Amino acid sequence: SICWCFYDVAYYGSNQFTPKMTEQVFGDESSIFNESWKGAVDMAVGIPATLHALWLLRDWGTKRLQTRGHFAIAITAVLVAGVWT
């Protein structure tokens, strides 16, 4: 479906440039601790969104939550791409 297409573009597009973006945010110092810290922060960013989605799941249902979530991810990815480049 078109939602999965938007999601894939947003996901793989942002993953392609995640190292460059985290380098600009955290600096380019490379040590085991710093690389682990960057990875932990990258992963932790999704926790609030996951908790919010679980809270909305009962009211919206899976189809509406998935559709709106994919469009929100796609719009956010386009905004990040526009600001970052």
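Numbers here simply count residues along the sequence, with the first being 1. The structure displayed is predicted, hence computed values, not measured ones.
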Inset, instruction - Could you pull out the closest heavy-atom pair between Ala72 and Thr76, with the gap in Å? - result: O-OG1, 2.7 Å
Legend entry - All side chain to side chain contact (heavy atoms under 4.5 Å, CB included) counterparts of Ser36, not counting sequence neighbours: Ile32
Inset, instruction - Under 4.5 Å between side-chain heavy atoms, chaining through other members, with only Ile, Leu, Val, Met, Phe, Trp and Tyr counted: pull out the rest of the cluster around Leu57, sorted by chain and number. - result: Trp55, Leu56, Trp60, Leu65
